[in-house]
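Each remark here refers to the structure printed beneath this line.
Please read these numbers as outputs of a predicted model, since none were measured by experiment. FYI, side chains are in, hydrogens and waters are out, and symmetry mates aren't considered; it's all heavy atoms of this structure.
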Amino acid sequence: MPAASADPDAIDPVALGRWLTVVAGRDGREHAVLSDGWHHLRLDVEVGTLSSGPVILRYRLQGSASARPKLLPLRRLIEFSLHRRFTRSLYPPDPRIARWLLMLQVHDGLAAGARHREIAGALYGAERVAADWEGTSDSLRSRIRRLADGARRLARGGYLALMRRGR
């Protein structure tokens, strides 16, 4: 809804210029993203526009189960609109990222023709490989095999599933 700039609930898209990108969809509705390059918030404008001055946003929430996944993005938007920054506590790090990065490194090693033992040395150090590779436990070899399997799955299109997560 259009709003007066003095309204404490108003958001002025012009003031968000460095973070805001707005595009019109095929249906004429606007789609906006607030982003600093690392964090982002997506807005789908169902009625009205962000291009004609300050607005008051209305949020569509209903039910309990369907509202729950919308609450965190709403909290992020409220904090951003009040403080003009992405509040770190509302963007917790994803614990899966460390494993995905290891899989990328393993994929690079495999693509370069490295053997599993060489990859383990690059990731965990030559000392650890010397001590554990031929030891009584095959945990290090198993870890590298699992990472290599995961890397191959990602390379065969599994990365697309990562990008769709949460939608």
Side-chain angles (χ1 to χ4, degrees), residues 11 16-23 25-27 29-46 57 59-167:
I11 295 175
L16 304 177
R18 74 181 237 212
W19 300 283
L20 182 66
T21 302
V22 181
V23 296
R26 291 182 185 157
D27 59 1
R29 292 183 186 166
E30 291 179 346
H31 304 280
V33 173
L34 290 165
S35 178
D36 64 357
W38 293 99
H39 308 95
H40 69 274
L41 288 165
R42 176 181 158 183
L43 303 171
D44 295 321
V45 180
E46 294 189 4
L57 300 177
Y59 314 102
R60 189 171 53 168
L61 296 173
Q62 61 188 36
S64 298
S66 63
R68 179 177 246 166
K70 297 173 184 172
L71 292 177
L72 179 58
L74 181 58
R75 288 183 57 210
R76 289 173 173 168
L77 177 62
I78 291 168
E79 286 299 311
F80 184 84
S81 67
L82 293 174
H83 304 292
R84 299 296 190 262
R85 63 183 170 82
F86 293 91
T87 305
R88 289 181 66 166
S89 63
L90 295 176
Y91 290 88
D94 189 331
R96 299 169 296 182
I97 290 175
R99 182 164 179 81
W100 296 336
L101 291 173
L102 280 174
M103 282 191 242
L104 285 172
Q105 289 176 295
V106 168
H107 181 269
D108 288 346
L110 293 171
R115 298 169 62 190
H116 284 190
R117 185 177 181 133
E118 294 168 319
I119 293 170
L123 295 177
Y124 301 108
E127 289 179 16
R128 172 130 186 242
V129 171
D132 293 350
W133 196 258
E134 300 292 334
T136 57
S137 169
D138 71 341
S139 64
L140 184 58
R141 285 181 298 182
S142 291
R143 177 180 296 166
I144 296 299
R145 279 194 300 269
R146 287 191 306 272
L147 287 168
D149 289 344
R152 288 183 192 104
R153 276 194 311 276
L154 288 177
R156 285 192 309 263
Y159 68 93
L160 295 169
L162 298 179
M163 296 173 71
R164 282 189 221 105
R165 246 176 243 252
R167 287 191 181 174

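By the neighbour-count criterion of 12 heavy atoms within 6.0 Å, atom NE2 of His40 is sparsely surrounded, having that number or fewer from other residues, nucleotides or ligands. Residue Arg117 places its CZ atom among more than 12 non-hydrogen atoms of other residues, nucleotides or ligands, all under 6.0 Å distant. Around atom CD of Gln62, no more than 12 heavy atoms belonging to other residues, nucleotides or ligands sit under 6.0 Å away. Taking a 6.0 Å sphere around CZ of Arg99, one finds it holds more than 12 heavy atoms contributed by other residues, nucleotides or ligands.
Considering only heavy atoms from C-beta on, Glu46 comes within 4.5 Å of Arg60 through its side chain. A heavy-atom distance below 4.5 Å is found between the side chains of His31 and Val23. Side-chain atoms of Tyr91 and Trp38, non-hydrogen and from C-beta on, never get closer than 4.5 Å to each other. Contact annotation: the side chain of Leu41 approaches that of Phe86 to within less than 4.5 Å [non-hydrogen atoms, C-beta and beyond]. Within the 4.5 Å cutoff, the side chain of Trp133 has heavy atoms near those of the His116 side chain.
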Given side-chain contact (heavy atoms from CB on, under 4.5 Å), test Leu140 with Arg128 step by step and report yes or no. CA-CA 9 Å; Leu140 184 58; Arg128 172 130 186 242; 4.2 Å; yes
Run the numbers on Leu57 and Leu77 for side-chain contact (heavy atoms from CB on, under 4.5 Å), then give the verdict.
CA-CA 10 Å; Leu57 300 177; Leu77 177 62; 3.9 Å; yes
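Salt bridge Asp132/Arg143: absent, no basic N to carboxylate O contact under 4.0 Å. A salt bridge does not link Asp149 to Arg146: none of the charged nitrogens lies less than 4.0 Å from a carboxylate oxygen.
Here the side chain of Arg29 pairs no donor or acceptor atom with the backbone of Asp44 at under 3.5 angstrom.
Between the CZ atom in Arg85 and the OG1 atom in Thr87 there is a gap of 4.5 Å [rounded to 0.5 Å]. The line from CG of Leu34 to CG of Leu16 is 6.0 Å long, rounded to the nearest 0.5 Å. Taken to the nearest 0.5 Å, the CG atom of Leu74 stands 10.5 Å off from the CD atom of Glu79. The CG atom of Leu71 sits 9.5 Å away from atom CD1 of Ile78, with the distance rounded to the nearest 0.5 Å. The distance from atom CG of Leu43 to atom OG1 of Thr21, rounded to the nearest 0.5 Å, is 11.0 Å. To the nearest 0.5 Å, the span separating CG on Leu147 from CG on Leu123 amounts to 7.0 Å.
Between Ser81 and Ile11, the shortest heavy-atom contact is CB-CD1, 3.7 Å. Taking every heavy atom of both residues into account, Ala148 and Val106 meet most closely at CA-CG1, 3.6 Å. Nearest heavy atom pair, residue Leu20 against residue Ala32, reads CD1-CB, 3.8 Å. Across Trp19 and Arg84, no two heavy atoms sit closer than the pair CZ2-O, 3.6 Å. Smallest separation of non-hydrogen atoms from Gly121 and Val129: N-CG2, 3.4 Å. Counting all heavy atoms, side chain and backbone alike, Gly113 lies closest to Glu118 at O-OE1, 4.4 Å.
With sequence neighbours left out, Asp36 forms a salt bridge (Lys or Arg N to Asp or Glu O under 4.0 Å) with no residue at all.
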